Amino acid sequence: MVKICCIGAGYVGGPTMAMIAFKCPKIEVVVVDIAVARINAWNSDRLPIFEPGLDEVVKACRGRNLFFSADVEKHVAEADIVFVSVNTPTKTRGLGAGKAADLTYWESAARMIADVSKSDKIVVEKSTVPVKTAEAIEKILTHNNKGINFQILSNPEFLAEGTAMEDLAKPDRVLIGGRETPEGRKAVETLKAVYAHWVPEDQIITMNLWSAELSKLAANAILAQRISSVNAMSALCEATGADVAEVAYAVGKDSRIGPKFLNASVGFGGSCFQKDILNLVYICECNGLTEVANYWKQVVQINDYQKSRFVKRVVSSMFNTVSGKKIAILGFAFKKDTGDTRETAAIDVCHGLLGDKAQLSVYDPQVTADQIMRDLAMNKFDWDHPQHLQPMSPTTTKQKPAFIFDGRNVINVEELRKIGFIVYSVGKPL
Ligand code: NAD
Ligand code: UGA
């Protein structure tokens with residue numbers, strides 16, 4: 001019987017391992033993390049992350065074949081397959097700062113695996129990493145030459161937050177990259193057998209390590225590129241009287257393009273799109289591919305432009321100042337059905353409005369007031385502690401003329417205009 005240990009009990013490690021345990025009752029899965037509070041939360045009634053359907057799956061197998069533990073070394077030592085699902089943020093200092101992936105957490109996990117292992121292991125890259133990371137990891141794992149065989153696989157995760165459990169239960173594909181040696185192929189087959197408990201075999205794609213690593217960065221870059229493309233169109237729509245929803249509908253009807261991921265918005269957020277594109281840009285630059293790097297950089301630049309365009313639109317519509325004006329911000333997480341606020345466009349929008357001295361009241365059903373305060377107090381932008389913020393209920397009184405700025409194009413514009421609101425939607429005529 002295969003024993004699995006996953007290092008990193010975050011947004012990926014937690015749900016992914018819960019799904020493996022749920023679908024493979026005979027496999028023991030232990031999720032470990034150095035963050036003791038996070039592990040305690042996974043073992044409690046209030047899980048550390050919100051994902052629709054996650055509670056049910058965890059409850060069904062926790063204590064049966066799914067365990068959460070802070071005893072990292074013990075469980076890594078006992079495992080046959082070790083998934084590494086630690087965070088890989090953008091480097092904030094040193095070589096490649098602001099672009100390259102910070103592999104500090106990955107490296108320390110790999111060193112620990114090398115130190116505590118007494119038996120052969122398959123080490124799986126679950127985190128999103130730069131292409132060729134497996135080569136570096138291999139060197140770390142084999143540095144103390146204990147005669148242990150480590151096979152490194154790339155098995156990037158494609159789940160999206162808010163739909164993680166659905167995505168894991170019915171993935172479009174599972175990708176496994178490995179070395180093209182007999183040992184490498186055997187390791188690929190072992191991991192494939194785990195997923196084959198519930199994923200049809202023809203949807204489990206195997207390939208070489210570097211292709212698998214790069215495919216993850218490529219997928220995120222191309223998804224984000226679609227959003228930046230439609231957001232760029234939204235600016236042109238506002239200038240010409242076209243409606244971006246109609247344009248996206250017409251474009252998406254082409255079966256070669258498809259209808260998904262063409263919703264204009266205030267800009268994409270989340271912990272990964274920007275980080276992964278910047279990482280891709282850095283890899284291109286390191287390989288002397290300046291034109292390719294510049295091409296992908298534009299996807300992030302258009303996203304920044306879209307966020308600042310939105311703020312400008314709010315301020316200019318409200319007679320060029322929002323100083324002292326009460327503005328309710330509905331929704332703060334980077335998308336619906338999650339409490340995750342990493343890189344949410346709401347932070348940039350709030351900073352822009354606070355910079356013009358607006359009085360903000362922020363509401364999100366999944367985000368605590370403390371988290372919102374922490375996010376807006378971050379001194380990334382040299383920001384003082386925001387004194388004007390307070391939690392609120394979604395209903396509030398209004399002064400006329402009252403404005404609504406819909407950064408997601410989800411509200412019923414006609415209804416609200418009928419009752420006297422001035423409504424602005426992204427990429428639509430006023
Ligand atoms: P996260 O920050 O939620 O979780 C990472 C966890 O790893 C943290 O709890 C941290 O304490 C733990 N950790 C760090 N170093 C450790 C160590 N040495 N030993 C033990 N635990 C350690 O991050 P996440 O959102 O789950 O993302 C993880 C990776 O997956 C990233 O590379 C990300 O790009 C990728 N990814 C994320 C998503 C997503 O939707 N969030 C989707 C696909 C891929
Ligand atoms: C994204 C990818 O969709 C996942 O496949 C990938 O695994 C993950 O990144 C990752 O590597 O972390 P996620 O960021 O969780 O998932 O959520 P998305 O649904 O992709 O949304 C990202 C952002 O784009 C959100 O702010 C969302 O509101 C925005 N978005 C999305 C748009 O503005 N328009 C769209 O049409 C779609």
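When a ligand or atom number is given, it counts from 1 through the structure's own listing order. Values in this document were obtained by computation on a predicted structure and should not be read as measured data.
Those atoms of ligand 1 with a heavy atom of K216 less than 4.0 angstrom away are 43 (C). Close approach of ligand 1 to E161 is summarised as follows: ligand atoms under 4.0 Å from at least one heavy atom of the residue are 39 (C), 40 (O), 41 (N). Close contacts between ligand 1 and S85 involve ligand atoms 5 (C), 28 (C) [criterion: under 4.0 Å to a heavy atom]. Residue T88 approaches ligand 1 through these ligand atoms, each under 4.0 Å from one of its heavy atoms: 31 (C), 32 (O), 34 (O). With ligand atoms numbered from 1 in the order given, ligand 1 contributes 40 (O), 42 (C) to contacts under 4.0 Å with heavy atoms of L159.
For atom 34 (O) of ligand 1, the closest heavy atom belonging to the protein is K275 NZ, 2.6 Å. With respect to atom 23 (O) of ligand 1, the closest heavy atom belonging to the protein is R342 NH1, 3.7 Å. Protein heavy atom at the shortest distance from atom 1 (P) of ligand 1 is R38 NH1, 3.6 Å. Looking only at protein heavy atoms, the nearest one to atom 11 (O) of ligand 1 is D33 OD1, 2.7 Å. For atom 18 (N) of ligand 1, the nearest protein heavy atom (residue, atom name, distance) is S108 OG, 3.3 Å. For atom 37 (C) of ligand 1, the closest non-hydrogen atom on the protein side is V12 CG2, 3.1 Å. In terms of protein heavy atoms, atom 35 (C) of ligand 1 is closest to T128 OG1, 3.5 Å. The protein atom (non-hydrogen) at minimum distance from atom 13 (N) of ligand 1 is V86 CG1, 3.7 Å.
Ring pair F405/F403 is parallel by interplanar angle, where below 30° counts as parallel and above 60° as perpendicular. Taking the six-membered ring where the residue is Trp, F268 and F273 present perpendicular rings, their angle passing 60° and hence far from 30°.
Contacts between C272 and ligand 1 below 4.0 angstrom, taking non-hydrogen atoms only, involve the side chain exclusively. Residue contacts with ligand 1 for M112 are absent, since no atom lies close enough (heavy atoms, distance under 4.0 Å). At a 4.0 Å heavy-atom cut-off, ligand 1 does not touch V72 at all.
Between E78 and K74, at least one side-chain nitrogen of the basic residue sits less than 4.0 Å from a carboxylate oxygen of the acidic one, meeting the salt-bridge criterion. Classification of K99 and E285 as a salt-bridged pair holds, one side-chain N sitting under 4.0 Å from a carboxylate O. At a threshold of 4.0 Å, the pair E238-K428 does not count as salt-bridged, since none of the basic side-chain nitrogens sits closer than that to a carboxylate oxygen.
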Could you walk me through whether K132 and E135 pass salt bridge (charged side-chain N to carboxylate O under 4.0 Å, His left out), step by step?
CA-CA 6 Å; K132 284 286 188 181; E135 202 170 67; 3.6 Å; yes
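By the 3.5 Å distance cut-off applied to N or O atoms, Y11 is counted among the residues near ligand 1. The shortest N/O to N/O separation between E157 and ligand 1 does not fall below 3.5 Å. In terms of N/O distances under 3.5 Å, ligand 1 is not approached by K126. Polar contact with ligand 1: absent for F158 (N/O pair, distance under 3.5 Å). Close N/O approach between D276 and ligand 1 is not found [any backbone or side-chain N/O within under 3.5 Å].
For F332, there are no ring-ring contact (aromatic ring centres under 6.0 Å, His included) partners, not counting sequence neighbours.
Considering V31, T104, I7 only, the shortest heavy-atom separation from atom 20 (C) of ligand 1 involves I7. Nearest-residue assignment for atom 14 (C) of ligand 1 (options N87, V129, N279; heavy-atom criterion): N87.
Residues lining ligand 2 at a heavy-atom distance below 4.0 Å are given as E157, F158, L159, A160, E161, K216, N220, L223, I227, F261, L262, N263, S265, F268, G269, C272, F273, F334, K335, R408, ordered by chain and residue number.
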